[in-house]
K.L.:
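Provided herewith is a single structure, encoded as structure tokens, for subsequent inquiry.
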Amino acid sequence: MNILIKKKNNIDSKKILKIIKKYKTPVWIYNKKIIKKKILELKKFDIVRFAQKACSNIHILKIMKKNGVKVDAVSLGEIERALYAGFKGNSQDIIYTSDIIEDNTLKKVILYKIPINIGSIDMIKKIGKKSPKHKVWIRINPGFGHGHNKKTNTGGKNSKHGIWNSKEAFKLIKKFNLKLIGLHIHIGSGVNYIHLKKVCKAMIKEAISINHKISYISAGGGLTIPYKNYKEKVNIKDYYKIWNKSRNKISKKLNCKIKLEIEPGRFLVAESGLLVSKIESIKYVKNRIFILLNCGFNELIRPMLYGSYHYISVLPMDNRILDYSNTMEVIVGGPLCESGDIFTQKENNHLYTIKIPIVKIGDYLIIHDVGAYGSSMSSNYNSRPLIPEILIKKNNFIQIRRRQTIQEMLSLEI
Ligand SMILES: *Cc1c(COP(=O)(O)O)cnc(C)c1O
């Protein structure tokens, strides 16, 4: 596979060079304007809830809050982030979604009266004993999932997520005097609208079979973005139409008003993010060329973990004009002491090459569409410190996370 890199015209090279000058590389850069645009695209839904695990920086959460978006938390750390960003307890602002609840998380959830989206029977027992009348949702496993990637499939008998037998769960919810307020399905049909209808049908069936008046249904996340191909772009109008119809059906059957919620992570932030790195080595290995960057899968793990494709473009260090008719065919990798540290790899771990204009050591490569599951999945592997995050707002930019120091990393052990 060869992918020719054409110049992407939506990046402001001058501004990025300024950011590099001030904050060095590697660096994450987010564009606030793009996040706001994506939020607006979902305005038909009654509630948009950001799955913050996609990008949990407090400043990104603040943008969400300011634009009317609520938030999902999957850990105590994410609850603390949400509270810090200004989201309130005892409301629908934050929902805790998980298949387990640890003691310290339970304490916080009770103290702040944060509704819980239940993913296991054991959670019901735990919360029921400690906090009767607590507001809960049921996360339904409809018995089937979606997608070919085992690592991201969220339904069916091979999925650890959600409640298999919702009637049994509801019985227990009643027994413990908990308050069921919503039903949730997170399968992620992507752009497969026939599959989406199947998901909606499952939601209707579950709601009718539980037969309890609820205030919310959630369509979960899983809205795709066009990483590579425009066909991956989800049609929000159709997506809404299908879900809205199901909501109305459930509302009529149960004879109550129901708010329709959507819970995207990727959709809201992926396209806003860039990972900017420097070319440190151009290595000739037999008939191949490896470009080695100063960032690796400790920063962006998606290609290594899922074989995910990310568009890569070149930013010359010296303002020279790139010649797109004179290209080199390269494999792009990082600095880590691990052979899987390659950005240009497919799901089966096979490497592919991309064609880029002739580059020199010191030029920059930009990895695109990394605002979701980029920084939030990064690690200290190979003892490399976490890198800074910069937010572009209107005409200026601010640092929203500074670079970790090596001393800070070591301090946990000293
Ligand atoms: C991860 C997750 C999401 C968001 O998924 P995206 O694919 O990023 O939209 C939504 N809901 C739940 C429960 C999740 O775990």
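Both counts, for ligands and for their atoms, begin at 1 and track the order of listing.
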K.L.:
Measure from NZ or CZ of Lys129 to the centre of the six-membered ring of Phe176, then state whether that distance is under 6.0 Å and the direction lies within 45° of the axis.
P.N.:
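Negative - Lys129 is either too far from the ring of Phe176 or too far off its axis.
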K.L.:
Do Lys70 and Asp93 sit within salt-bridge range, that is, some charged N less than 4.0 Å from a carboxylate O?
P.N.:
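A salt bridge is present here (some side-chain N lies under 4.0 Å from a carboxylate O).
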K.L.:
Would you mind running through ligand 1 and noting each atom that sits below 4.0 Å from a heavy atom of Ala51?
P.N.:
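The atoms of ligand 1 under 4.0 Å from a heavy atom of Ala51 are 3 (C), 4 (C), 10 (C).
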K.L.:
If you measure every N or O of Gly222 against every N or O of ligand 1, does any of those distances drop under 3.5 Å?
P.N.:
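So ligand 1 has an N or O lying under 3.5 Å from an N or O of Gly222.
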K.L.:
Relative to Tyr309, does Lys228 satisfy both conditions: NZ or CZ under 6.0 angstrom from the six-membered ring centre, and within 45 degrees of the ring's axis?
P.N.:
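Geometry flag: set, cation within 6.0 Å and 45°.
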K.L.:
Using a 3.5 Å cut-off on N or O atoms only, is Glu263 in polar contact with ligand 1?
P.N.:
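N/O-N/O distance below 3.5 Å exists for this pair.
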K.L.:
What part of Tyr373, side chain, backbone, both or neither, has a heavy atom within less than 4.0 angstrom of ligand 1?
P.N.:
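It is the side chain that gets close, since no backbone atom is under 4.0 Å.
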K.L.:
Side chain to side chain donor-acceptor pair (under 3.5 Å) for Glu408 and Thr405? Distances and angles first, verdict last.
P.N.:
CA-CA 5 Å; Glu408 279 170 317; Thr405 66; 3.3 Å; yes
K.L.:
Would the Tyr240 and Phe45 ring centres measure less than 6.0 Å apart?
P.N.:
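When the ring centroids of Tyr240 and Phe45 are compared, they turn out to be within the sub-6.0 Å range.
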K.L.:
Do any nitrogen or oxygen atoms of Gly265 lie less than 3.5 angstrom from nitrogen or oxygen atoms of ligand 1?
P.N.:
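It does: an N or O of Gly265 is found under 3.5 Å from an N or O of ligand 1.
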K.L.:
Which is closest to atom 3 (C) of ligand 1 in terms of heavy atoms, His184, His186, Gln52?
P.N.:
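The option holding the nearest heavy atom is His186.
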K.L.:
Which of the numbered atoms in ligand 1 are below 4.0 angstrom from a heavy atom of Pro264?
P.N.:
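By the 4.0 Å cutoff, the relevant atoms are 9 (O).
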K.L.:
For Phe144, is the NZ or CZ atom of Lys198 found under 6.0 angstrom from the centre of its six-membered ring and inside 45 degrees of the ring axis?
P.N.:
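Judged by the rule, Lys198 and Phe144 form a cation-pi pair.
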K.L.:
Could you tell me which atoms of ligand 1, counted from 1 in the order shown, lie closer than 4.0 angstrom to a heavy atom of Thr97?
P.N.:
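Selected atoms, number and element: 13 (C).
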K.L.:
Taking the side chain as every heavy atom from C-beta outward, state whether Ile116 and Ile95 have any atom pair closer than 4.5 Å.
P.N.:
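No, their side chains stay 4.5 Å or more apart.
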K.L.:
One residue to check: Ala54. Relative to ligand 1, which of side chain, backbone, both or neither has a non-hydrogen atom less than 4.0 Å away?
P.N.:
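It is neither; nothing of Ala54 touches ligand 1.
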K.L.:
Atoms of ligand 1 less than 4.0 Å from Gly221 heavy atoms?
P.N.:
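Heavy-atom distances to Gly221 below 4.0 Å select 9 (O), 10 (C).
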K.L.:
Which atom pair, heavy atoms only, marks the closest approach of Lys278 to Thr25?
P.N.:
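For Lys278 and Thr25, the tightest heavy-atom pair comes out as CB-OG1, 3.5 Å.
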K.L.:
In the protein, which heavy atom is nearest to atom 15 (O) of ligand 1, and how far is it?
P.N.:
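Ranked first by proximity to atom 15 (O) of ligand 1 is Lys53 NZ, 2.7 Å.
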K.L.:
Residue-level breakdown please: for Arg139 versus ligand 1, do any non-hydrogen atoms fall below 4.0 Å on the side chain, on the backbone, on both, or on neither?
P.N.:
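Within the 4.0 Å criterion, Arg139 contacts ligand 1 through side-chain atoms alone.
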